[in-house]
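Values reported hereafter were calculated over all heavy atoms of this structure, with side chains retained and with hydrogens, waters and symmetry mates removed.
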Amino acid sequence: MTVARILAEKGRTVVTVQPDRSIADAIHVLSEKGIGALVVTDAAEAVLGILSERDIMRALARQGAGAMDAPISSHMTTNVTTCKRDTTIEEVMHLMTDGRFRHVPVCDEGKLAGLVSIGDVVKRRIATVEAEHQAMRDYITMA
C-alpha cells in the first residue's frame, strides 16, 4: 500500500499555519483541531517546517512563558522529512522510526499534498496484517 491510498481513504486536508503566527496561536489551533502537529507553509503551499507538540514543549522548556509570543518560525522544525504519493507504508514507517517523528508531509512537485501520521500508517498496517492472517486461516481451513 502507498501513501496515495492512505490519502484517498482519509483525505488530503492538512491544517497549516504561517511562520509569523505565535506559538500561542499554534497551541489554540492544535487544541481546537485535536491534532499533534501543524505544517508550516508559505503562500505557494511549499513546506517551510513543521511545528509539533514536542517543538512547543522544547520552546517552553527553553524560554518559559515568553515562548508563547514567539513566532512559530523560531521554534519549528525546519529540516522536514517529506514523502511522495508513491512512497510505501513500509518506507514511511522506516522514515518515522529512524527520524523519531510522528508526522510526514506528502509533497507533490514541491507543494503540500497531504499529511500522513503514525496513526494512519499503523491503522493501515494492522488492517493488512489482519487480512493476511485471515487469508492464511481460510487457506488452512480449505486444505
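No hydrogens or angles considered: nothing links the side chains of Asp86 and Thr2 as a donor-acceptor pair under 3.5 Å. No donor-acceptor contact under 3.5 angstrom links the side chains of Asp138 and Thr141, judged on distance only.
Residue Thr87 comes nearest to Cys83 through the heavy atom pair OG1-CB, 3.5 Å, listed as atom of the first residue, atom of the second, then distance. Heavy atoms only, all atoms of each residue included: Gly49 and Met76 are closest at CA-SD, 4.0 Å. Looking at every heavy atom in both residues, Val116 comes nearest to Val106 through CG2-CG2, 3.6 Å. The minimum heavy-atom distance linking Leu115 with Val39 is given by the pair CD1-CG2, 3.9 Å. Looking at every heavy atom in both residues, Arg54 comes nearest to Arg100 through NH1-O, 2.7 Å. Nearest approach of Ala59 to Ala67, heavy atoms of both residues: O-CB, 3.6 Å.
In this structure, Arg124 and Glu9 have side chains that are in contact, with non-hydrogen atoms separated by less than 4.5 Å. Counting heavy atoms from C-beta on, the side chains of Arg125 and Met93 come closer than 4.5 Å. With a 4.5 Å cut-off on side-chain heavy atoms, Met68 and Ile27 count as touching. At a threshold of 4.5 Å between non-hydrogen side-chain atoms, the residues Ile56 and Leu30 count as touching. With contacts defined as side-chain heavy-atom distances shorter than 4.5 Å, the pair Val80/Pro105 qualifies. At least one side-chain heavy atom of Val121 sits under 4.5 Å from a side-chain heavy atom of Met96.
Here Leu38 contributes atom CG and Leu51 contributes atom CG; the two are 6.0 Å apart, rounded to the nearest 0.5 Å. Between atom CD1 of residue Ile23 and atom CD1 of residue Ile72 there is a gap of 5.5 Å, rounded to the nearest 0.5 Å.
Classification of Lys123 and Asp120 as a salt-bridged pair fails, no side-chain N sitting under 4.0 Å from a carboxylate O. Asp108 and Lys84 are not joined by a salt bridge, as no carboxylate oxygen comes within less than 4.0 angstrom of a charged side-chain nitrogen.
Remark: the backbone N or O of Val3 is not paired with any side-chain donor or acceptor of Arg85 at under 3.5 angstrom. Put simply, the side chain of Gln63 never gets that close to the backbone of Leu60: no donor and acceptor are under 3.5 Å apart. The closest donor-acceptor contact from the side chain of Asp69 to the backbone of Gly66 lies at 3.5 Å or more, if one exists at all.
Following chains of ILVMFWY side-chain contacts shorter than 4.5 Å, one can reach Met1 starting from Ile126, so the two form part of one hydrophobic cluster.
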Practice task
Show your working on salt bridge (Lys or Arg N to Asp or Glu O under 4.0 Å) between Glu53 and Arg102 and close with a plain yes or no.
Solution key: CA-CA 11 Å; Glu53 295 164 324; Arg102 299 175 294 178; 3.6 Å; yes

